[in-house]
Structures are given as C-alpha cells and as structure tokens.
Amino acid sequence: MNLTYFPRRHYTQGQTPLEKLTRFSQAIGGPNIYIKRDDLLGLTEGGNKTRKLEFLIADALAQGADTLITCGGVQSNHCRLTLAAAVKEGLKCRLVLSEMVPGSYNPQANGNVLLYHLLNVEKVNAVPWGTNLMAEMQNAAAEAIAEGRKPYIIPMGGSNHLGALGYIACAEEIMAQAFAAGLPIHHVVLPDGSAGTHSGLLLGFWGNNCHIPVTGVSVLNPKIVLENRIAELMQQTADYMGVNLKIAPDKIVCVDEYIGPGYTLPTADMVDAVRLLASTEGILLDPTYTGKAMAGLIGLAKQGYFKKNDNVLFLHTGGLPGLYANTPLFTP
Ligand SMILES: Cc1ncc(COP(=O)(O)O)c(C=O)c1O
C-alpha cells in the first residue's frame with residue numbers, strides 16, 4: 001500500500017526488533033512464539049501510540065495547530081505519548097482523563113501520571129467514567145480557542161483513519177522482516193483497546209495480499225462490539241486511502257475471555273503471563289494491555305488454537321509505565 005501520499009513525522013529510527021522467544025515457547029509447550037518489540041518504538045517509553053502519532057501529529061502540524069487535546073484513562077499510555085510528541089514538536093498538550101473509580105486521578109501517582117508532569121502537561125481535566133469524552137475535548141478546544149490557541153483534538157487511543165495508517169506501516173515492516181529472515185508467520189496476536197492497532201495491521205496485511213490471521217485479545221469491550229468497530233475503522237481507513245478493499249467479516253477475530261473483572265483490573269492469568277515472560281526472556285509486559293493479551297495467547301495455545309509448529313507473532317504494544325503504577329501485584 002502506498003503510504004507516501006500521507007504526511008508523516010518520524011519518531012523511531014529504523015525497525016523495531018522481531019525476536020524469537022525460545023525459552024518462553026518451551027515454557028508454554030509451543031508453538032513457536034515470536035515477538036514484535038513495539039515497546040521499543042521512539043518517544044517517551046515507546047508503545048503502539050508512537051506509530052499512530054506519526055500520522056496524527058503530521059496532520060495537526062499541517063493544520064497549524066499549537067495545542068493538542070486528547071483523552072484516556074487515568075494511567076493512559078496514549079496521553080503520555082501524545083505529550084511526548086507535543087514536547088518534541090514544540091506544542092502544548094491538554095488532557096481529559098476518565099476516572100473509572102471516582103477520585104482515582106492522583107497527581108502524585110507513579111507510572112504514566114508521573115510522566116504527564118515531566119512532559120509538561122498544560123491542563124488535566126479528570127471526569128467521571130461514562131462522561132462523553134469527545135464533548136469534553138470539544139469544550140477544552142473551545143476554551144483554547146478563546147485563549148487565542150489553535151487546538152487539535154486526537155480521539156481516544158489515536159484510533160481513527162490517520163492513526164490506523166501507523167499500523168499499516170507496521171504490517172509492511174513485519175512482512176519485510178519476515179521475508180528477510182525467511183520466516184513464515186502463521187498467526188499474529190495483539191491486545192485490543194480502541195481498535196486502531198488491529199484495524200491498521202489487518203488492513204496493512206490484506207492490502208498487501210498477505211493473509212496472516214490476526215487475533216485481538218480484548219481488554220475492554222465485548223467481542224462483538226470490538227469486531228464491529230474494527231470493521232468500521234478498516235472501512236474508514238480504506239476509504240480515506242482510496243483503496244477498494246473488502247474484508248470478509250469472519251477475518252476480523254477477537255476474543256474477550258481475558259478481560260477478567262474489567263478494564264485495568266488485574267487477573268491471575270495476567271500476573272502469571274507477566275512473570276513468565278520476564279523470567280524466561282527478560283522482557284516486561286504491562287498489566288492492562290500486553291499482560292492480558294499474553295495471557296490470551298497462552299490460553300489459546302493451551303486450547304490448541306494454533307498448530308504445534310506454527311510461528312505465532314505477539315505484537316508487544318508497550319505500556320510499561322503501567323507496570324510501575326501497579327507494583328504490589330508483582331512484589332512478593
Ligand atoms: C500498551 C497498549 N497496548 C495496546 C493498546 C490498544 O491499542 P488500540 O487502542 O489501538 O486497540 C493500548 C491503548 O491504549 C496501549 O496503551
């Protein structure tokens with residue numbers, strides 16, 4: 001697919017590593033697990049939002065924006081990385097944070113919250129869970145305009161047609177790496193939140209006539225809600241690119257059995273998965289996204305979802321600061 005028509009900033013030098021997890025694969029009894037290290041992307045502490053922001057920030061700059069406005073949960077990787085991009089580009093950034101538990105935004109907290117301050121957040125508006133976040137961001141934008149600013153709103157998770165372009169680029173990077181290594185990839189597993197990563201990756205594979213199955217492990221929404229959102233976002237992105245691509249709905253596959261009691265709430269399988277990858281490979285996962293997605297991969301492997309000799313690629317989407325905001329889960 002030709003991404004050269006779309007303005008892009010570059011926040012990572014080169015490709016992120018694609019590594020074989022030999023000890024981890026042995027520990028779970030196969031198949032052959034590989035990992036795509038998008039936790040090592042550029043901007044503060046890396047993670048999947050860096051790829052989306054390359055296209056979103058290019059659009060903000062093209063529109064002459066001087067103030068970014070975005071939203072997320074209290075410990076939001078997306079907000080942290082949007083702030084990091086703002087710092088890099090000399091922009092200001094304001095956040096709307098949705099509190100799942102009333103009063104849970106604590107400005108003294110560790111993890112992403114600590115980084116919001118270090119990255120010069122200009123304003124934080126913490127609102128109750130269930131608040132219409134787009135409406136809150138529009139209010140923030142109106143306030144910024146009244147101050148003489150030019151605001152640019154980035155939707156939740158950077159998941160729109162522009163953000164998805166970042167994961168089309170990732171699909172092409174994975175295909176190039178697999179080709180260079182002579183490695184056939186039989187399946188990709190990734191965490192699913194606001195669906196932008198999954199939508200872009202699947203569109204990128206299909207747009208290049210590469211039909212690797214992709215399974216998304218939901219950390220938030222029921223399977224059906226998520227699959228419909230992915231279909232919608234893939235269509236919007238294909239339309240934006242002027243690509244005529246129809247993907248059969250049965251190729252959009254998510255599982256929702258690994259959410260546990262709810263978004264950000266820990267599960268025993270997540271804790272085991274984080275410990276296992278750390279102790280076999282020295283690679284860290286986060287408790288909210290990649291830990292639950294890896295618990296999903298392990299669970300699916302145990303159910304025989306993959307063939308014994310399949311090469312299964314896990315997309316590590318980052319989120320590490322979340323680990324440091326949840327230390328009691330992992331300490332003895
Ligand atoms: C570390 C991490 N992984 C995965 C996701 C999910 O990505 P998406 O929202 O594109 O589904 C997020 C979203 O915030 C994230 O922060």
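Indexing begins at 1, ligand by ligand and atom by atom, following the structure's order. We count residues from 1, following the sequence as given.
- Nearest protein heavy-atom neighbour of atom 16 (O) of ligand 1: Asn77 ND2, 2.9 Å.
- Heavy-atom separations between Gly157 and ligand 1 are all 4.0 Å or longer.
- Within ligand 1, the atoms closer than 4.0 Å to a non-hydrogen atom of Thr197 are 7 (O), 8 (P), 10 (O), numbered from 1 in the order shown.
- Any N or O atom pair closer than 3.5 Å counts here, and Tyr289 shares at least one such pair with ligand 1.
- Of all the atoms in ligand 1, the ones that sit under 4.0 Å from a non-hydrogen atom of Gly318 are 1 (C).
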inquiry  = For a salt bridge (charged side-chain N to carboxylate O under 4.0 Å, His left out) check, start with the C-alpha distance between Lys92 and Glu147, then their side-chain angles and the critical distance, and finish with the verdict.
reply    = CA-CA 13 Å; Lys92 300 285 184 199; Glu147 294 166 25; over 6 Å; no

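- Neither side chain, Asn132 nor Glu136, offers a donor N or O lying under 3.5 Å from an acceptor on the other.
- Partner Ser159 forms a side-chain hydrogen bond (donor to acceptor under 3.5 Å, both in side chains) with one of His198, Lys52, Arg229, His78 and no other, that one being Lys52.
- For the residue pair Asp256 and Asn221, no side-chain donor N or O sits within less than 3.5 Å of a side-chain acceptor on the partner.
- At a heavy-atom cutoff of 4.0 Å, ligand 1 is contacted by no atom of Ser76, backbone or side chain.
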CA sep, side-chain torsions, deciding dist, call: Arg9, Glu89, salt bridge (charged side-chain N to carboxylate O under 4.0 Å, His left out) = CA-CA 10 Å; Arg9 305 293 292 161; Glu89 303 288 2; 2.8 Å; yes

message = Determine whether Asn112 and Ser76 satisfy the following criterion, side-chain contact (heavy atoms from CB on, under 4.5 Å), listing intermediate values before the conclusion.
response = CA-CA 6 Å; Asn112 284 306; Ser76 166; 5.8 Å; no

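- In this structure, of His316, His78, Lys49, the residue bringing a heavy atom nearest to atom 14 (O) of ligand 1 is Lys49.
- The protein heavy-atom contact nearest to atom 9 (O) of ligand 1 is Ser194 OG, 2.5 Å.
- Judged purely by distance below 3.5 Å, without hydrogens or angles, the side chains of Gln63 and Asp59 pair a donor atom with an acceptor atom.
- Heavy atoms of other residues, nucleotides or ligands lying less than 6.0 angstrom from CZ of Arg23 number 12 at most.
- The protein heavy atom nearest to atom 7 (O) of ligand 1 is Asn48 ND2, 3.0 Å.
- The shortest N/O to N/O separation between Ala195 and ligand 1 falls below 3.5 Å.
- Compare Gly193, Gly216, Pro321 by their heavy atoms: the one nearest to atom 11 (O) of ligand 1 is in Gly193.
- A heavy-atom separation below 4.0 Å is found between Asp192 and ligand 1.
- The environment of NZ in Lys223 is crowded: more than 12 heavy-atom neighbours from other residues, nucleotides or ligands sit within 6.0 Å.
- Screening Asn48, Thr197, Thr237, Asp38 for a side-chain hydrogen bond (donor to acceptor under 3.5 Å, both in side chains) involving Tyr167 leaves a single residue, Asp38.
- For Lys52, every heavy-atom contact with ligand 1 shorter than 4.0 Å involves the side chain, none the backbone.
- Of all the atoms in ligand 1, the ones that sit under 4.0 Å from a non-hydrogen atom of Gly319 are 1 (C).
- Among protein heavy atoms, the minimum distance from atom 3 (N) of ligand 1 is reached at Thr317 OG1, 2.6 Å.
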